[in-house]
Structures are given as C-alpha cells and as structure tokens.
Novice: 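Have a look at this one before I ask anything.
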Amino acid sequence: MNKPVVVSEETLTEPVVVSDVSPAAAKAAGPAYVVLAGISVSHFLNDTMQSLIASVYPILKDTYALDFAQIGMITLAFQFTASLLQPVVGHYTDKKAQPYSLAIGMASTFFGLLLLSAAHQYLVILVAAALVGLGSAVFHPESARIARLASGGRYGFAQSVFQLGGSFGTSMGPVLAALIVVPFGQGSIAWFSSIAFLAILILWRIGNWYAPQIKARKSATIQAHPDAPSSRRVAVALAVLVGLLFSKQLYVSSLSSYYIFYLIDRFGVSTQAAQIYLFIFLAANAVGAFLGGPLGDRFGRKIVIWISILGALPFTLALPYAGLYASAVLSVAIGLIISSTTSSIIVFAQELVPHRFGMISGVFFGVAFGIGGLGAAVLGKLADHTSIEFVYQVCAWLPAIGLLAVFLPKLPRHAR
C-alpha cells in the first residue's frame, strides 16, 4: 500500500483539493491497485454489516410483533444518522484531512452490532441501528476521496471498484442472515462484529498510505476550465443529479427493505428462500455498479446516466405482474441496469465541483442513505394501509424520473 501516487493536496488546515492529472501522466502512473482493492474490501465489509440489518427484519418483526411502519423506522434510524452526518463529515475533511477517521468510525459499527445482538427493546434496536449508520457516515466521504486519489486518472473505474465492494457487501447480507442469523437467532449478530474488527485493521493500514499523500502547501486557486458550465448550470445540474439518485435509490430501497415480504405474501415462499431471491437481485446490482464506471470513462457519464435509469423502466413496470421465476429474472435485469448509474452520478457531481470532493461525496452518499431511510418509512406506512403489491406498482414508475437527465450540461472533454 506504499505505492506513491502524485496528488495535489492542501495543508491539514486548508481545503483538501485533488488535482486532475493529464491523460498521459495518468496512464504512466496508473491506479494504485492495492489501495483500490483495500478500500473496496473495506466497503464490502462495511455494507455487509449494513445490509444485515434489513435482512433480519423478518426475525425482528416476528419476535417483537412489529408492523411495517416500525420496520421502516428502523431503516430510518439507521439511514438518518448517515444522511445527516455524511455531508458534515465530507465538509470537515475537505478542510482538514483525517487519515485514520475511517478506522475510528468503523468502531461505531462494531459497537452497534454488539448492541443489536443483545437488544430486547424496540428503542434499543433503533439506537443500535443508528450507531451502524454513524459508522457509515464517517466511512463513505473519505473512502470515496481515497478511491479518487488512487485512481491514476481513471476516476470512473476507481469509483466502480469502490462501489463494487459495497454492492457485493449489500448482497451478502441476506445470504449470511439465511445461513447464520435465521438458524441461530438474534444473538448470532454479535459474530459479525469480527467483520467490523477486520475492517478496522484494513482501514488503519490504508490510513498509513493516505497520510503521506496529503502534501503541505498553501491553498491554490482552482482555475475553471474555459468550457466548464456556469455556476447557475452547476447548481441546476447538482439538483438534477439528486433527483436522479432519488429515483434510483428509492426503487432499490423498496426492493431491499420489502422484497422479502413481497415474495412471502404473494408467492408463499419461505423466509430463507425469499432471502436468496433478494441476494440474486443485490448481486446483479453489484455487477451493474462495477460496469457503470468504466462505461462512463469510455462513452461519457451523461449517456450512461440516461441509459441506466430510463433503461430499467420497462422491467420495473413488468415486475408487479410477473410470476415467481419471472420476477427473479426481471430483478436481475433491473439490478444490472439501474445500479450502473451510481458511479457516473457521483463522478459527474465531483467534476462539477472539483474543489469539494469530500462534501460532494458526503452529500450524494448521504442523500442516497437519507432517501432510502425516509422512503422505507413512507413505503412501510403505505404498505400497512394498502398492500406490499400496491407499493411495487407505484414504485415501478420511479425510473421515469430519469428524463431529468436532459438538463445535465456537457462537461469538458477531460471530465467526461
């Protein structure tokens, strides 16, 4: 992890700025693959622990007689801390880099899992979920910056490698819940604290690599590219990107939080079988997340955003009317297509505001978490008053929001 990467940073008390490298220099230096692998594995471990919470919802629902609205509130407690704090963390680390904050933040997840394994009251479950969300709030902004630092100029590729770890981690939660938590009960969640401990060790090692990359120098003025969009168009574009992320993340949240219940209610499958079907969707989501970044590097991020969100619409509209096996096939298509937009949206936003990588990453990861949490709560309330099937009929139209991509500006050629 000691491979040198040439970057331009501010002092520890100045805004942190990552300068783009020229294509020739980027090609010569290349990505720091060991660092990218380490941060991706850490993302895998982090999101495995996060997805575990949603995967044990059926156990918590049956054990404590919770309704769908209370299930949604658990998701909201978990996502709200991440949503509220990620932009704050990103803004702070733009001003003062914290190489070892990732390892420290992961300790919050460690204690959250231990508390969740021993919780026997609804309020304690909410606190435990919030602690896991706090760990996520600290993890995502700085880890996204480190992925960019290690990219060697291949920003979409680096973001996709980073996202790949998180997506596969999310997909592993249902499988681990089916194999471990369902047979052995709520107390077995404590075993997963060992994953958090492993992540702490990896992140501390990455912190050792990251610290020397922060070069002490006076703050330099960022010269705007002559073809860059105006500040007004940047503001409009950021709002559009948030709207696009809204459509994508709320739909994914609807499947992540309630797909198990949908399959059980409509097709009468067992809880373990439903968790396997959820894993299939989330695994496809992970593959799509990896493909989106390199495609954006090659063909332009705007076209990838167009295709990935609107392209999922025919499949989401068909899902509520499909049979069990057809639903599995459709969920794979939806996961592959709709998840490919995440890397392109985040890198597009970073390139719109190149002097605030941490804050932008925090805002977009935070918005994603916040939309997921708030959406889960609202959809749970809607399901209580109607049905899970009706919820999926409504959510099927969310990818149509992808039409907003028409308002995205054309970026300079070097920042496609």
Novice: Just jot down the side chain to side chain donor-acceptor pair (under 3.5 Å) partners of Y122, sequence neighbours excluded, or say none.
Specialist: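 With neighbours one apart ignored, the set is empty.
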Novice: Show me the donor-acceptor pairs, under 3.5 Å and distance only, between side chains in residues 101-108 and residues at least two apart or in other chains.
Specialist:
| from | atom 1 | to | atom 2 | distance (Å) |
| --- | --- | --- | --- | --- |
| S101 | OG | Q98 | O | 2.9 |
| S108 | OG | L131 | O | 2.7 |

Novice: Tell me, please, which residues at least two apart from V391 pass side chain to side chain contact (heavy atoms under 4.5 Å, CB included).
Specialist: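 With sequence neighbours excluded, V391 shows a side chain to side chain contact (heavy atoms under 4.5 Å, CB included) to L379, L382, A383, C395, given in chain and number order.
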Novice: Check ring pair (Phe, Tyr, Trp, His ring centres under 6.0 Å) between Y277 and all other residues, then give those that pass, not counting sequence neighbours.
Specialist: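 In terms of ring pair (Phe, Tyr, Trp, His ring centres under 6.0 Å), with neighbours along the sequence ignored, Y277 is linked to no residue.
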Novice: Check residues 174-193 and write down every donor-acceptor pair under 3.5 Å in which the side-chain atom is one partner and the other belongs to a residue at least two apart or another chain.
Specialist:
| from | atom 1 | to | atom 2 | distance (Å) |
| --- | --- | --- | --- | --- |
| Q186 | OE1 | Y64 | OH | 2.8 |
| Q186 | NE2 | L116 | O | 2.8 |
| Q186 | NE2 | A119 | O | 2.7 |
| S188 | OG | G185 | O | 2.6 |
| S193 | OG | A190 | O | 2.6 |

Novice: Using the test side chain to side chain donor-acceptor pair (under 3.5 Å), find all partners of Y57 that sit at least two apart in sequence or belong to another chain.
Specialist: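 Once residues adjacent in sequence are excluded, the partners of Y57 under the side chain to side chain donor-acceptor pair (under 3.5 Å) criterion are T75.
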Novice: Using the rule given for side-chain contact (heavy atoms from CB on, under 4.5 Å), can you reason through V161 versus H43, listing the C-alpha separation, both sets of side-chain angles and the distance that settles it, and then say yes or no?
Specialist: CA-CA 10 Å; V161 171; H43 202 185; over 6 Å; no
Novice: Counting C-beta onward and ignoring hydrogens, is there a side-chain heavy-atom pair between F162 and S40 closer than 4.5 Å?
Specialist: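 No. Closest side-chain heavy atoms not under 4.5 Å.
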Novice: Using the test side chain to side chain contact (heavy atoms under 4.5 Å, CB included), find all partners of L313 that sit at least two apart in sequence or belong to another chain.
Specialist: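 Here the qualifying residues are T316, L317, P399, A400.
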Novice: Provide the full list of ring pair (Phe, Tyr, Trp, His ring centres under 6.0 Å) pairs with a residue in residues 379-401, sequence neighbours left out, each pair given once.
Specialist: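 For residues 379-401: Y262-Y392.
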Novice: Is F110 close to M49 at the side-chain level, that is, under 4.5 Å between some pair of heavy atoms?
Specialist: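 The answer is no; the side chains never approach within 4.5 Å.
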Novice: Restricting to side chain to side chain contact (heavy atoms under 4.5 Å, CB included), what partner residues turn up for I260, sequence neighbours left out?
Specialist: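 Once residues adjacent in sequence are excluded, the partners of I260 under the side chain to side chain contact (heavy atoms under 4.5 Å, CB included) criterion are P58, I264, A274, Q275, L278.
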Novice: F267 versus S327: any side-chain heavy-atom pair under 4.5 Å?
Specialist: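 Yes, their side chains come closer than 4.5 Å.
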Novice: Could you walk me through whether L352 and L241 satisfy the side-chain contact (heavy atoms from CB on, under 4.5 Å) test, starting with their C-alpha distance in whole Å, then the side-chain angles of each, then the deciding distance to 0.1 Å, before giving a yes or no?
Specialist: CA-CA 11 Å; L352 284 169; L241 291 173; 3.9 Å; yes
Novice: Measure the NZ-OG1 distance between K61 and T271 for me, rounded to the nearest 0.5 Å.
Specialist: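 OG1 of T271 is found 10.5 Å from NZ of K61.
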Novice: Flag yes if more than 12 heavy atoms outside Y100 fall under 6.0 Å of its OH atom; otherwise flag no.
Specialist: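 Result for OH/Y100: enclosed.
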Novice: Report yes if the side chains of F139 and L203 come closer than 4.5 Å at any heavy-atom pair, otherwise no.
Specialist: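 They are in side-chain contact.
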Novice: Flag the pair R233 / F407 as yes when at least one side-chain heavy-atom distance between them is below 4.5 Å, and no otherwise.
Specialist: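 Sidechains of F407 and R233: no contact.
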Novice: Using the test side chain to side chain contact (heavy atoms under 4.5 Å, CB included), find all partners of F315 that sit at least two apart in sequence or belong to another chain.
Specialist: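 By the side chain to side chain contact (heavy atoms under 4.5 Å, CB included) rule, F315 matches L330, A333, I334, I337.
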Novice: Side-chain contact test, heavy atoms from C-beta onward, threshold under 4.5 Å: evaluate it for I74 versus L66 and give yes or no.
Specialist: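 Contact flag for I74/L66 side chains = yes.
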Novice: Would you confirm whether Q70, through its side chain, and D67, through its main-chain N or O, come within 3.5 Å as a donor-acceptor pair?
Specialist: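 Confirmed, Q70 side chain pairs with D67 backbone.
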Novice: State, with a plain yes or no, whether a side-chain heavy atom of V332 is found less than 4.5 Å away from one of F281.
Specialist: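 In short, these two side chains do not touch, never coming nearer than 4.5 Å.
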Novice: Check whether more than 12 heavy atoms from other residues, nucleotides or ligands sit under 6.0 Å from atom NZ of K381, and answer yes or no.
Specialist: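 For K381, atom NZ is not crowded (no more than 12 foreign heavy atoms under 6.0 Å).
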Novice: For the atom pair CZ (F157) and CG (L295), what is the distance rounded to the nearest 0.5 Å?
Specialist: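 Between F157 CZ and L295 CG, I get 12.5 Å after rounding to 0.5 Å.
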Novice: Please enumerate all residues that pass side chain to side chain donor-acceptor pair (under 3.5 Å) together with T341, with sequence neighbours excluded.
Specialist: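 T341 satisfies side chain to side chain donor-acceptor pair (under 3.5 Å) with S308 once adjacent residues are dropped.
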Novice: Partners of S160 by side chain to side chain donor-acceptor pair (under 3.5 Å), sequence neighbours excluded?
Specialist: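 Testing S160 for side chain to side chain donor-acceptor pair (under 3.5 Å), a comparison that skips the adjacent residues, returns S343.
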Novice: Compare all side-chain heavy atoms of W209 with those of I39 and state whether any distance is below 4.5 angstrom.
Specialist: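 W209 vs I39: side chains apart.
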Novice: Taking T63 for its side chain and L60 for its backbone only, find out whether a donor-acceptor pair lies under 3.5 Å.
Specialist: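 Checked: no pair found.
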